[in-house]
Amino acid sequence: MIIGCDFHPSWQQVSWLDTETGETGERKLVQASGDAEQFYRQLPAPALIGMEATGNCHWLVDLLAELGHELWVGDAAQIRASCVRQQKTDRRDAEHIRILLQEGRFPRIWMPSAEVRDLRQLLLHRYKLVTIRARVKNELQHLCLNQGVQRKHKLWSQAGQKVLRELPLKPWAARRREDLLALLAMLDQQIDPLDRAVKEEAQRDKMALLLQTQPGVGAVTALAYVLTMGDVSRFPRGKQVASYLGLIPREHSSGGRQKLGAITKQGNRMLRMLLVEAAQIAVRFDPGLRKEYLHRCHHKPKAVAKVATARKLAVRLYWMLRTEKPYPEVVRIESSPRVPLVGAS
């Protein structure tokens with residue numbers, strides 16, 4: 001059986017082909033009523049099922065793996081680009097996916113394992129809580145600034161906390177301060193065990209330990225990079241890694257005139273943020289990155305220089321995984337097809 005699936009959070013449209021009899025059919029499956037689970041359970045295993053990359057589908061991925069079916073997830077943009085018709089419906093989308101599977105033109109992408117997806121949840125949960133904590137700290141900074149007190153990062157020291165609590169505020173502003181301080185303490189209490197869990201997982205992962213030899217890259221960035229990139233051999237060059245992470249500029253060139261814009265930001269937002277943070281630390285301890293960063297700062301804004309350094313760092317981490325060479329041995333390896341891999345014959 002070959003099945004094309006147009007997945008939606010509440011329902012899905014499927015189009016199937018029985019390769020033995022040549023019989024085809026289609027059906028709408030509602031998730032809440034159990035139609036989808038019943039449909040896949042009665043299929044003879046193994047069936048080949050294709051669907052576009054989308055969110056909120058982990059339950060379906062786990063179900064199909066449990067039943068012994070083979071699931072292929074495809075690039076949604078390439079699937080849509082391969083259809084020239086201007087009429088788009090769910091039935092036609094499911095049929096189009098099924099035809100791509102039949103003809104061997106389905107743009108399959110790499111999918112992480114269930115264990116990797118669960119570890120990603122650890123990093124994502126920590127990232128979300130840290131983001132909320134940063135917003136709470138910003139609100140407390142604004143309370144101080146409105147009272148003419150500017151301490152910046154010193155506000156979080158013991159002396160700064162004393163100044164914050166002793167600010168003469170009106171009743172509702174004081175209530176806001178107390179609530180924000182209580183929320184900050186609760187977030188710190190929740191984030192601490194997550195930090196320890198990330199460090200423990202990074203210590204158990206050989207590749208994450210390898211990446212931590214690079215100055216500026218800690219346990220969080222190393223583990224996030226390993227889990228996000230997966231099998232790095234699927235990227236022939238470092239330029240593709242930068243594109244995958246959204247660290248390359250948009251381009252709209254024509255007629256021999258090149259026009260570049262801001263970065264695409266098409267990749268993993270969390271990893272991109274971690275790489276930018278790691279790059280700011282790396283330029284302090286890595287002579288090569290520091291030299292390039294300062295050179296760019298002479299003729300580019302600092303924000304542009306930081307992103308460029310993050311791109312350089314992302315490519316270097318890719319080569320560290322690809323060649324299994326730690327820092328500083330990997331520094332001389334360039335992301336170019338003209339440079340052979342270390343140890344390659």
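The model shown is predicted, which means the values in this text are computed figures rather than measured ones.
Residues passing the side-chain contact (heavy atoms from CB on, under 4.5 Å) test with Arg257, sequence neighbours excluded: none. With sequence neighbours excluded, no residue forms a side-chain hydrogen bond (donor to acceptor under 3.5 Å, both in side chains) with Ser254. Take Gln12 and apply the side-chain hydrogen bond (donor to acceptor under 3.5 Å, both in side chains) test, not counting sequence neighbours, and it matches Gln31, Tyr40. In this structure, the salt bridge (charged side-chain N to carboxylate O under 4.0 Å, His left out) partners of Asp286, at least two apart in sequence or on a different chain, are Arg316. Taking the ring pair (Phe, Tyr, Trp, His ring centres under 6.0 Å) definition, one finds that Trp59 meets it with nothing, sequence neighbours left out.
Contact detail for Thr309 and Ala279: the closest heavy-atom pair is CG2-CB, 3.8 Å. For the residue pair Gly216 and Ala278, the shortest heavy atom distance occurs at O-CB, 3.3 Å. Counting all heavy atoms, side chain and backbone alike, Leu275 lies closest to Ala314 at CD1-CB, 3.8 Å. Taking every heavy atom of both residues into account, Thr264 and Arg250 meet most closely at O-NH2, 3.3 Å. In terms of heavy-atom proximity, Gly68 sits nearest to Pro46 at O-CB, 3.4 Å. The nearest pair of heavy atoms linking Asp62 to Ala114 is OD1-CB, 4.5 Å.
Atom CG of Asn56 sits in a sparse spot, with 12 or fewer heavy atoms from other residues, nucleotides or ligands closer than 6.0 Å. In Gln87, the CD atom is crowded: over 12 heavy atoms of neighbouring residues, nucleotides or ligands sit closer than 6.0 Å. The number of heavy atoms from other shown groups lying within 6.0 Å of CZ (Arg108) is above 12.
Other members of the cluster containing Val276 do not exist, because no ILVMFWY side chain is joined to it at under 4.5 Å. Other members of the cluster containing Leu145 do not exist, because no ILVMFWY side chain is joined to it at under 4.5 Å. Side-chain heavy-atom separations under 4.5 angstrom define the hydrophobic clusters, and the remaining members of the one that includes Leu100 are Ile2, Leu48, Trp72, Ile79, Ile97, Leu101, Phe106. Residues near Val84 contribute nothing to a hydrophobic cluster around it, because no ILVMFWY side-chain heavy atom sits closer than 4.5 Å to its side chain.
Residues Glu26 and Val14 fail the side-chain proximity criterion, which asks for heavy atoms closer than 4.5 Å. When side chains are defined from C-beta on, Cys57 counts as touching Met51, because their heavy atoms get closer than 4.5 Å. For the pair Leu123/Leu119, no side-chain contact is recorded, criterion being any heavy-atom separation below 4.5 Å from C-beta on. Side-chain contact between His96 and Ser82 is present, with heavy atoms from C-beta onward closer than 4.5 Å. Looking at Leu67 and Arg41, their side chains come closer than 4.5 Å, going by heavy atoms from C-beta outward. Between Phe235 and Met229 there is a side-chain heavy-atom pair separated by less than 4.5 Å. Counting only heavy atoms from C-beta outward, the side chains of Ile3 and Leu43 approach each other to under 4.5 Å. Residues Ile49 and Glu70 fail the side-chain proximity criterion, which asks for heavy atoms closer than 4.5 Å.
Two rings, from Trp16 and Phe39, have their centers less than 6.0 Å apart.
Using a distance-only test at 3.5 Å, with no hydrogens or angles considered, a donor-acceptor pair links the side chain of Thr323 to the main chain of Trp319. Side-chain atoms of Arg151 never come within 3.5 Å of backbone atoms of Ala159 as a donor-acceptor pair (strictly under, hydrogens ignored). Under a 3.5 Å cut-off, the side chain of Asp205 and the backbone N or O of Ala208 do form a donor-acceptor pair. With Arg272 contributing its side chain and Leu245 its backbone, the two residues share a donor-acceptor pair below 3.5 Å.
By the rule that hydrophobic residues join a cluster once side-chain heavy atoms approach within less than 4.5 Å of another member, Val307 and Ile248 end up as members of separate clusters. Note: the hydrophobic cluster containing Leu317 does not contain Met273 (ILVMFWY, side chain heavy atoms under 4.5 Å, direct or indirect links). Residues Phe285 and Leu289 do not share a hydrophobic cluster, clusters being chains of Ile/Leu/Val/Met/Phe/Trp/Tyr side chains in contact below 4.5 Å. Grouping the Ile, Leu, Val, Met, Phe, Trp and Tyr side chains by contacts below 4.5 angstrom, directly or via other members, places Leu313 with Met320. The hydrophobic cluster containing Val149 also contains Leu181, counting ILVMFWY residues as joined when their side-chain heavy atoms lie under 4.5 angstrom apart, directly or transitively.
Applying the ring pair (Phe, Tyr, Trp, His ring centres under 6.0 Å) test to residues at least two apart or on different chains, the pairs with a partner in residues 291-311 are His295-His299. For residues 120-148, the set of pairs meeting the side chain to side chain donor-acceptor pair (under 3.5 Å) definition, not counting sequence neighbours, comprises Arg126-Asp195, Arg133-Asp188, Glu139-Arg176. Legend: side chain to side chain donor-acceptor pair (under 3.5 Å) pairs involving residues 219-230, not counting sequence neighbours: none detected.
A distance of 6.0 Å separates CG of Leu260 from OG of Ser253, quoted to the nearest 0.5 Å.
Ion pairing between Arg98 and Asp6 fails under the 4.0 Å rule for side-chain N and carboxylate O. Using a 4.0 Å cut-off between charged nitrogen and carboxylate oxygen, Asp179 and Arg175 count as a salt-bridge pair.
With Trp11 as the aromatic partner, Lys28 meets the cation-pi criteria of under 6.0 angstrom to the ring centre and within 45 degrees of the ring axis.
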Glu251 vs Lys259, salt bridge (Lys or Arg N to Asp or Glu O under 4.0 Å): CA-CA, chis, key distance, verdict: CA-CA 6 Å; Glu251 183 172 4; Lys259 185 177 180 181; over 6 Å; no

Test log, rule side-chain hydrogen bond (donor to acceptor under 3.5 Å, both in side chains), inputs His8 and Thr54: CA-CA 9 Å; His8 299 268; Thr54 183; over 6 Å; no

